[in-house]
Every structure is written in structure tokens, then in C-alpha cells.
There are 2 protein chains.
Amino acid sequence: MFAQVATPAALVDLDVFDANAHRGKVRAGRLGVALRPHAKTVKSPDLLAGILGPETRGFTVSTLGEIRALGVIVDDLLYAVPLAAGKASAVLAALGDADLRLTVVVDSVAGLAGVPQDSRIDVAIEIDCDGHRGGISPDDPVLSELAARAATGHRLAGVMTHGGGSYLGSKAHVVSVASQEREAVVGAARRLRDDGHDIAMVSVGSTPTFAAVDHLEGVTDARPGVYLFGDLSMEFLGACGPSDLALSVLATVIGSADRGRTSFIDAGWSALSQDRGVPAMAGSTGLGRVGKPGTTPSGADLIVSAANQEHGFVTAPDGGPTRFAIGERVQVWPNHACATAEMHRRLTLVRGGEVVGSAVRPRGW
Amino acid sequence: MFAQVATPAALVDLDVFDANAHRGKVRAGRLGVALRPHAKTVKSPDLLAGILGPETRGFTVSTLGEIRALGVIVDDLLYAVPLAAGKASAVLAALGDADLRLTVVVDSVAGLAGVPQDSRIDVAIEIDCDGHRGGISPDDPVLSELAARAATGHRLAGVMTHGGGSYLGSKAHVVSVASQEREAVVGAARRLRDDGHDIAMVSVGSTPTFAAVDHLEGVTDARPGVYLFGDLSMEFLGACGPSDLALSVLATVIGSADRGRTSFIDAGWSALSQDRGVPAMAGSTGLGRVGKPGTTPSGADLIVSAANQEHGFVTAPDGGPTRFAIGERVQVWPNHACATAEMHRRLTLVRGGEVVGSAVRPRGW
């Protein structure tokens with residue numbers, strides 16, 4: 001299987017990808033929100049073009065490379081990282097002459113000052129829902145001041161938040177983060193509407209909270225990203241099942257040691273990333289689960305326990321032999337699809353066990 | 001300083017790089033060995049061409065991209081990862097019509113079978129010196145058998161080993177790893193010469209052991225790699241000083257939280273990597289030390305304590321305020337230069353605080 005693919009290679013199973021995309025759409029429909037998937041995981045415009053539709057009118061991005069690549073397939077992008085000072089002209093250059101609305105998030109007056117004034121550029125205020133990252137608390141007096149300033153010289157599109165705390169606990173923890181996430185942003189929107197602003201965007205984001213919420217009342221759009229690929233972290237947090245992992249790394253066994261108890265593969269951290277999954281996994285899957293090509297991660301009882309730049313060390317958690325032969329192909333299921341995909345410029349697309357094409361991910365900032 | 005550089009950017013201070021390269025040459029001369037630097041850290045042929053000379057006749061590589069990029073500037077390369085089955089034709093394609101000697105390492109009969117027979121391709125046997133990675137123990141009976149097979153159909157160039165254990169302890173530990181490394185490979189060479197083989201290459205490698213050894217009797221060449229850039233891990237292991245770090249990441253402060261005790265920068269793990277340094281550092285430098293541009297890491301008392309894909313979280317170890325303003329530039333000194341450089345296709349070259357050019361790193365396998 002995949003004998004003609006040079007290793008290491010990032011494989012995307014399109015059947016699984018399509019099913020993940022479909023499940024996201026159905027869920028967004030049921031929750032009554034638009035989908036604005038975070039493109040940082042998949043990045044490839046070829047793959048992302050396939051998920052557009054009435055529920056998905058635009059994407060979330062976090063680099064100028066993503067703006068350039070996706071600005072040609074959609075006309076609505078949310079740049080979800082505060083714009084670095086001095087980057088205004090680069091943003092305008094990335095927009096080029098595209099007929100596009102770009103919403104830039106801000107969470108400070110100083111940050112707002114760096115957002116270029118352009119008819120295509122709107123502003124959204126980042127709300128802090130869990131003390132995990134940036135953003136303004138919905139009850140912080142600065143919120144009204146920042147909104148007033150944002151509405152002068154820019155169009156204030158709305159508010160957004162990211163329930164990043166959803167990665168930091170167990171599956172049971174996600175539900176409470178999800179309601180906190182919704183309440184924070186809906187509360188902020190209410191305050192700003194009371195101030196007289198027209199708040200069109202009330203946006204939440206994170207794959208675990210999107211999978212866990214039972215309603216999103218007051219929210220207009222959701223920004224999950226990793227749900228399209230799935231990974232061992234999302235499986236651990238209950239956001240996907242073991243058959244929902246579209247991204248894997250194909251590798252070749254290049255050596256063995258310790259009387260067959262370690263197999264070396266040609267996928268080191270340069271192909272896998274160094275991501276060990278969400279903290280509550282406590283590194284139990286090493287740098288990923290390993291199985292024979294065509295298996296699913298639930299049938300993969302071996303892990304990449306360590307890696308050098310171009311060597312992965314495959315072991316069994318019980319210390320037994322790996323039973324891999326030199327020259328054999330293996331598939332590695334990553335802990336964090338965003339991190340693993342980031343190591344690859346090209347994704348190899350497979351369907352029904354056959355290679356059907358490839359897709360390029362824009363890199364850089 | 002560096003106001004015109006778009007962030008995040010990987011900076012290489014050429015004054016420091018040149019000094020590191022010079023120190024390596026002097027040390028190789030004193031130890032009486034040739035230098036065959038591992039190119040996986042720097043990768044850029046523009047930068048590596050500058051270090052060639054009588055002491056440095058070739059490079060060590062671990063991807064076909066490095067063969068393609070460096071085959072045009074040298075005629076002697078060591079491919080230091082066992083060749084994956086099925087990669088023979090890709091290796092020949094990477095050689096193109098270059099007039100080049102490529103030495104491929106093997107540590108198994110199965111692996112040897114996959115090495116293409118070509119007049120430009122030699123074989124070296126990887127020796128295990130510390131049970132840390134692949135290779136054959138110098139006293140394993142398989143060594144003679146593998147050498148005999150390698151000498152039939154290929155030219156057996158010699159033996160090589162990698163003291164990978166040098167990263168796994170403290171500074172004091174490196175000296176014992178270094179003598180183990182030398183003894184293993186010299187012992188293997190002796191055995192193979194006793195078997196009647198002409199062993200021209202007796203090669204050791206790792207920046208910490210290269211810095212720690214007091215002699216390399218019987219060794220022909222050394223393959224340090226990260227010494228050219230230096231990093232916090234090498235400083236910790238005593239292989240460089242705090243002023244010898246040529247690679248850093250320039251970033252911009254984009255936000256703050258927790259009453260100024262956290263600053264957010266626009267360099268997340270996609271720019272820094274997730275490398276937390278050698279195990280004995282116990283994560284004490286987070287994802288890197290942070291200072292104002294133009295400082296050195298010893299003057300940098302802040303660290304990147306955590307990161308998302310495009311956000312770095314800067315904090316002070318004592319929990320005090322970071323004293324950074326939004327819009328300010330910072331410089332991040334990485335734990336592991338190989339891992340941080342791997343996240344960047346382009347390196348921004350600086351000298352005396354001024355940008356003087358850029359260099360491209362070949363990516364992929």
C-alpha cells in the first residue's frame with residue numbers, strides 16, 4: 001500500500017477528510033451558526049475549496065501566506081492574531097487587488113493603531129473567556145473604549161473569542177470551557193450593543209468546544225480548525241473518534257536495535273513535529289501512534305517514543321518487540337495535526353488506499 | 001534595530017557564525033581530523049559554501065534535498081541515515097550528473113541491499129557507541145559479515161558513529177560519552193582492518209563531544225553540526241558560550257495579559273519549534289530566552305514559557321512584569337537551533353546589527 005510514495009510523507013485520507021467536513025457542516029446547521037474554519041491546520045486552498053458552501057462562507061487565518069492563498073477562493077477572512085506593528089503594508093500587499101473583506105482582531109488600543117484603514121479591512125475585538133491567551137474580559141471597562149475607537153476609522157464587525165482552555169483539561173472539562181466561551185462572547189456582544197454598536201459577528205472557536213456544546217445561542221459563527229484532519233489529542237478530548245483521523249505520516253522502517261524492541265523509521269521530528277499532545281495525555285502516545293499502512297490508530301499499539309531530526313524510534317508500550325522488518329512501511333497518527341502538517345509543504349492525497357493527487361500548503365508568515 | 005524585517009524571522013548573525021566556523025576549524029586542526037559538518041542545522045548552500053577549506057572537504061547530510069543543494073558546492077557527502085528501502089532511484093536522481101562521492105551509512109544486511117550500486121556511491125558502517133540509536137556494536141559478530149558484504153559490490157569507505165548520548169546528561173557526562181564514541185569507532189576500524197579491509201573513514205560526530213574531547217587518535221573526521229549556530233542546549237552542555245549563538249528569532253510584541261506579566265509575541269511554535277532543550281535543562285528556558293534586539297542570551301532573563309501555533313507567551317521566571325510594550329521587537333534565543341531553523345525556509349542574515357542579505361534552506365526529504 002502506497003508503495004510508490006517517497007517517505008516520509010504526509011498523507012491525507014480524503015474519505016475521512018470529507019466525512020469530517022460533512023460532520024462539521026451538519027453540526028453547524030444544527031447549532032444554527034455559520035462555519036468559519038481555521039485554515040491554519042489544512043492551509044491548502046485545493047483542500048479547503050472543497051468545503052465551501054452555504055454554511056461556510058469564509059475562513060479564519062493567522063498568517064499573511066494564508067491570506068494570499070485563500071483570498072483567491074473566498075471573499076471573507078478573519079485574521080485571528082493581533083496584527084504586529086509594522087505589518088500594515090504587508091497586509092495590504094497580501095490583499096493585492098482581491099475583492100475581499102478581511103476582519104482583523106484587536107485587543108488593545110496600541111494594537112488598533114497598527115491596523116490599516118482600508119475599506120476592505122474591518123475590526124473584531126478579541127474577548128478573553130478563560131485567561132488562557134490574549135483578549136479583553138467582557139466586563140473590563142477598556143472594552144467600551146476600544147470598541148468606540150474601533151468604530152471610528154474602521155467598521156467594528158463584532159467580537160470573537162477562543163476557548164483555548166479546552167485543550168488544557170480532560171474531556172469532562174471541555175463542556176464547562178465551552179459554556180464559558182459562549183457566555184463571554186455573547187456577554188461582550190450584549191454590552192457593545194447596549195453601547196449602540198451594530199455587532200454582526202459573535203464568534204467562538206476551538207474544535208473541542210465545537211464538538212461539546214449543546215447550544216450556541218447568541219453566537220453567529222464557529223471557528224474549529226483541526227476537526228478537518230482530527231488527531232490523537234482531539235480523540236482524547238472526545239472531539240473525534242479513532243476512525244476520524246485524516247492526516248498521518250507514512251514512513252519506512254530503516255533499522256532496528258535492542259533485539260527488535262526498537263525500530264527506527266525515517267520520520268523524525270522534522271516530519272512528525274515534537275508535539276506530545278494535550279497536557280492531560282501526559283505524553284502517553286509519544287510523538288504518535290504507529291501501525292501498518294491501512295490500519296486505524298485504534299489498531300496501532302506501537303508509538304514513536306522518541307525522535308531525532310530524521311530518525312523516529314518506534315517501541316511498544318509493554319517493551320515487547322515491534323515485529324517490524326527493515327524496509328516495511330508504517331503509518332504514524334499524530335498527536336496534533338496542526339503541528340505535524342506544519343512540517344510538510346506537500347500533502348499526499350489518498351482515497352480508498354490509492355494516491356489520487358497532492359496539495360501544497362502555503363508556508364511562512 | 002531590524003525595523004524593516006517582517007516578523008517572525010530567523011536571524012543569523014554572520015559575525016557569530018563566522019567565529020563559530022573558525023573555532024571549529026582551529027579545533028579540528030588541533031585534534032588532527034578533517035571536519036565534515038552535519039548540514040542539517042544550517043542547510044543553506046550559501047552559508048555552508050563559506051566554511052569550505054582544507055579542513056572541510058565535504059558535508060554530512062540526512063535528506064535528499066541536502067544532497068541536491070550541497071552537491072553543487074562539494075564533491076564529498078556522507079548520507080548519515082540508513083537509506084530507506086525504495087529510495088535508491090531517488091538518490092540517483094538527487095545525484096543527477098554531479099561528479100560526487102556519496103557515502104551511505106548502513107547498519108544491516110537488509111539495509112545494504114537497498115543501496116544502489118553506482119561508481120559514485122560508497123558505503124560506511126554505522127557503529128553503535130552508546131545504545132542510543134542504530135548501528136552495530138564494535139564487538140558484534142555481524143560487523144565482519146556486513147563489512148564483507150559491503151565490500152562486495154560497493155566500496156567500503158569506513159565506519160562512523162554518533163555520540164547521541166552526549167545530549168542526554170549534564171556537561172560532566174559529555175566527556176565520558178566522547179571517549180566511548182572514539183573508542184567504539186576506532187575499535188571497529190581496527191577489527192575491520194584485521195579482517196583485511198582498507199578503512200579510510202573513521203568518523204565521529206556530535207557538537208558536545210567535539211567540544212569536549214582532548215584527543216581523537218585514530219579518528220579521521222568529525223561531524224559536528226549545530227556548532228555553527230549554537231543554541232541554549234549547547235551552552236548548557238558547555239559546547240559554546242552565551243555569545244556564540246548565531247541563530248535567533250526576531251518577533252514583535254502583539255499583546256499583553258495578566259497586568260503585564262505575560263506578553264504575547266507573533267512567534268509561536270510555527271516559528272520557534274516546540275523544542276525545550278536537552279532533558280537535563282528540565283524545560284527551564286521554556287521555548288527560548290527572550291531579550292531586546294541586540295542583547296545576548298545571557299542578558300535575556302525572560303522566556304517563552306508556552307506557545308500556540310502563532311502566539312508565543314513571554315513571562316519572567318520570577319512572575320514579575322515583562323516590561324515589554326505592544327509593538328516592541330524582541331529576539332528569542334532557541335533551545336535547539338536545528339529544530340528552530342527547520343521551521344524557516346529563509347534565514348535573514350545580519351552583521352553588526354544590519355541586515356545584509358538572506359539565505360534559503362532546502363526543505364523536504
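Chain letters run A, B, ... following the sequence lines, proteins first, then strands; residues in each count from 1. Note that the structure is a prediction, hence the values are computed from the model and not measured.
Contacts between B:A113 and chain A at a heavy-atom distance below 4.5 Å are absent for every atom of the residue. Only the side chain of A:S108 comes within contact range of chain B, with at least one heavy atom under 4.5 Å from a heavy atom of that chain. No part of B:D128 comes within reach of chain A, as not one of its non-hydrogen atoms sits under 4.5 angstrom from that chain. Both the backbone and the side chain of B:D275 come within less than 4.5 Å of a heavy atom of chain A. Both the backbone and the side chain of B:A339 come within contact range of chain A, each with at least one heavy atom under 4.5 Å from a heavy atom of that chain. Of the atoms belonging to A:A325, not a single heavy atom falls under 4.5 Å from chain B. When heavy atoms are compared at a cutoff of 4.5 Å, A:N308 approaches chain B solely by way of its side chain, counted from C-beta outward. Within the 4.5 angstrom heavy-atom criterion, no atom of B:T262 approaches chain A.
Note that the CG atom of A:D107 and the CZ atom of B:F264 stand 7.5 Å from one another [nearest 0.5 Å]. Taking CH2 of B:W365 as the reference point, atom NE2 of A:H344 lies at 4.0 Å (rounded to 0.5 Å).
Side-chain contact, B:W269 with A:S273: no donor N or O sits under 3.5 Å from an acceptor N or O.
The side-chain heavy atoms of A:V81 and B:I254, taken from C-beta on, include a pair separated by under 4.5 Å. A 4.5 Å side-chain heavy-atom check between A:S62 and B:H311 finds every atom pair outside the cut-off.
Interface check for chain A: of the options B:K87, B:R345, B:Q4, B:R276, the most heavy-atom pairs under 4.5 Å are formed by B:K87. Considering only heavy-atom pairs separated by less than 4.5 Å from chain B, the leading option among A:P82, A:S256, A:A3, A:A80 is A:P82. Annotation: maximal heavy-atom pairing with chain B below 4.5 Å, among A:G134, A:G111, A:S270, A:A85, occurs at A:S270. Ranking A:P8, A:G255, A:A271, A:G135 against chain B, the residue ahead of the rest is A:P8, based on heavy-atom pairs under 4.5 Å. Per-residue heavy-atom pair counts under 4.5 Å with chain B were compared for A:A6, A:A84, A:A110, and the maximum is reached by A:A84. Of the listed residues (B:G327, B:G131, B:C338, B:G86), the greatest number of heavy-atom pairs within a distance under 4.5 Å of chain A belongs to B:C338.
Judged by distance alone, the side chain of A:R363 and the main-chain N or O of B:M343 form a donor-acceptor pair under 3.5 Å.
Considering A:H38, A:H336, A:K40 as possible partners of B:Q309, the one that fulfils the side chain to side chain donor-acceptor pair (under 3.5 Å) test is A:K40.
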